[in-house]
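The structure appears below as structure tokens.
Note that ligands are numbered from 1 as they come in the structure, with each ligand's atoms numbered from 1 the same way.
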Amino acid sequence: MYDLLLRHGRLLQAGGTIAAMDLAIQQGTIVAIAPQIEAPATLELDLQGQLISPPFVESHIHLDSALTVGEPRWNQSGTLFEGIEIWRDRKQSLSLEDVKTRAVETLKQQAMQGVLFVRSHADVSETSLIALQGLLEVRDAVKDWITLQVVAFPQDGIYGSPQNDYLIETAMEMGADAVGGIPHYELTREDGVKSVHRIFALAEKYDRLIDIHCDEIDDDQSRFLEVVVACAMRTDMGSRVTASHTTAFGSYNNAYAFKLLGLLRRTELNFIANPLINITLQGRTDTYPKRRGVTRVKELWQQGMNVSFGHDCIQDPWYSMGTGNMLDVASMGLHVCQMTGTAEIDACYDMVTWHGAKTLNVSDRYGVEVGKPANVIVLDAHDRYDALRRRATVRYVISQGNLLAHTDAPKPVWHRDNAN
Ligand code: FE2
């Protein structure tokens with residue numbers, strides 16, 4: 001007797017092949033996948049040909065600031081820097097309960113839409129480290145239904161204040177999964193370079209992943225990615241390192257960009273673009289032509305680099321919109337990065353699933369395969385293209401073998417009798 005049996009699904013596998021399959025789950029693990037499984041189960045779901053997919057991966061979000069839009073004021077200029085100023089004011093009133101309540105509420109929103117793996121940044125620029133403490137407690141509280149990674153993120157720079165270097169190391173000791181940074185926001189170019197070296201030293205000392213907010217600016221002279229690349233090559237840590245945003249890459253001259261692409265091929269660096277936020281925050285100082293402000297997603301993907309898409313913000317000082325729906329994120333990425341070829345459209349879906357899992361270094365326990373943890377979603381869609389085009393409803397979310405959430409499919413009704 002299985003715990004859960006999914007009947008008549010169409011299983012989407014890595015690489016895009018789709019096959020009609022039943023899927024059986026027992027004690028939190030996928031134990032059988034076959035065209036027809038006969039054995040009874042405690043719960044059976046007839047999927048009626050809907051798409052079985054691995055869950056969505058949210059590779060970049062700030063849960064500590066989520067759901068604070070308008071507090072204490074709205075970002076009127078829409079710029080990254082006004083957002084940082086507003087957050088500096090809002091975080092004065094952070095409490096553990098405040099952080100945890102908003103984070104869990106956001107995670108629930110995400111999970112109900114099929115997200116079961118999340119990497120969140122936690123601001124560690126405040127001496128209390130409340131944001132970090134709150135997210136570490138949430139990581140533990142939700143671990144039975146969603147996997148949360150927490151990055152120690154020095155929002156105001158590692159060298160922006162005298163205590164910040166100490167705080168980020170304390171964050172490592174408290175158990176952050178990854179060390180972050182923001183070299184383009186450090187006071188000087190030299191501080192930015194120094195911060196990247198410090199991040200790698202901390203990651204090596206504490207055996208942690210790295211995820212750096214890198215060159216999130218339109219300035220074509222912001223060139224910290226090359227420092228990250230050099231450190232990754234010298235430490236051989238590339239697959240454990242992520243460069244988030246890298247929006248300046250979209251503004252580099254081609255001679256420099258092509259040199260950089262050549263260097264990147266020698267690493268296994270991960271990239272995260274956040275198209276919803278990049279398209280709204282960047283290009284604010286441009287007149288016309290106005291830049292899109294997104295990194296070179298297509299070229300990085302064509303080079304074989306691992307690229308994923310993140311939401312970045314949900315209703316916070318930087319972005320008042322957002323619902324946690326990763327198909328919204330992938331759809332915006334598809335449009336802004338002009339990923340409209342058939343393989344490119346499929347790749348956009350992969351950037352919020354398999355590629356995100358690789359970025360999070362969780363590929364060994366990710367995917368709909370016999371023997372893997374039963375984290376599975378069912379979409380009201382035919383294939384990846386259909387899922388993206390219609391922003392398909394996630395009908396079922398199965399987390400660690402249990403039915404976590406379901407959504408009834410919307411059913412529009414046509415009220416005219418004749419065909420015209
Ligand atoms: Fe971010």
Side-chain angles (χ1 to χ4, degrees), residues 57-69 75 78-88 90-91 99 102-103 106 110 115 118-125 131-132 135 148-158 160 168 171 176-186 192 195 199 209-218 222 224-225 228 241-250 270-282 284 293-295 297 307-322 324 326 329 332-333 351-352 356 359-360:
V57 178
E58 171 58 271
S59 54
H60 187 122
I61 192 159
H62 296 256
L63 288 175
D64 53 354
S65 56
L67 311 183
T68 64
V69 66
N75 185 338
T79 60
L80 172 70
F81 299 107
E82 185 176 345
I84 293 174
E85 293 297 319
I86 294 170
W87 177 238
R88 191 171 290 147
R90 175 59 174 84
K91 68 187 178 185
V99 172
R102 288 183 290 97
T106 309
Q110 294 172 303
V115 178
V118 175
R119 174 180 285 179
S120 174
H121 295 257
D123 186 356
V124 294
S125 299
L132 178 75
L135 292 190
L148 175 61
Q149 284 183 357
V150 180
V151 185
F153 172 51
Q155 175 77 73
D156 299 334
I158 295 179
I168 197 164
D177 300 284
V179 52
I182 187 165
H184 57 279
Y185 194 65
E186 298 285 354
S195 77
I199 290 160
L209 302 170
I210 291 173
D211 191 332
I212 301 173
H213 281 65
C214 190
D215 301 316
E216 187 187 1
I217 190 166
D218 291 320
S222 182
F224 296 102
L225 178 57
V228 174
V241 179
T242 299
S244 280
H245 293 290
T246 63
T247 57
F249 208 159
N270 304 290
F271 283 84
I272 299 174
N274 297 292
L276 292 168
I277 276 53
N278 297 152
I279 194 70
T280 47
L281 285 183
Q282 304 303 315
R284 289 277 177 168
V294 184
T295 194
V297 168
V307 184
S308 55
F309 286 140
H311 210 303
D312 201 6
C313 306
I314 297 177
Q315 292 191 289
D316 72 7
W318 295 273
Y319 187 64
S320 58
M321 313 295 280
M326 295 311 293
V329 175
M332 181 59 80
M351 288 178 191
V352 292
T359 298
L360 266 59

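- Between His213 and Tyr185 there is no side-chain heavy-atom pair separated by less than 4.5 Å.
- Ion pairing of Asp156 with Arg88 is present here, as a side-chain N (NZ or NE/NH1/NH2) and a carboxylate O approach within less than 4.0 Å.
- The Fe ion (ligand 1) is the vertex of the angle joining NE2 of His62 and NE2 of His60, which measures 100° to the nearest 10°.
- Residue side and main chain included, His213 places an N/O/S atom under 2.8 Å of the Fe ion (ligand 1).
- Side-chain contact between Thr106 and Leu67 is present, with at least one heavy-atom pair separated by less than 4.5 Å.
- Here Asp312 meets the criterion, with an N, O or S atom under 2.8 Å of the Fe ion (ligand 1).
- There is a side-chain donor-acceptor pair under 3.5 Å between Thr359 and Ser308.
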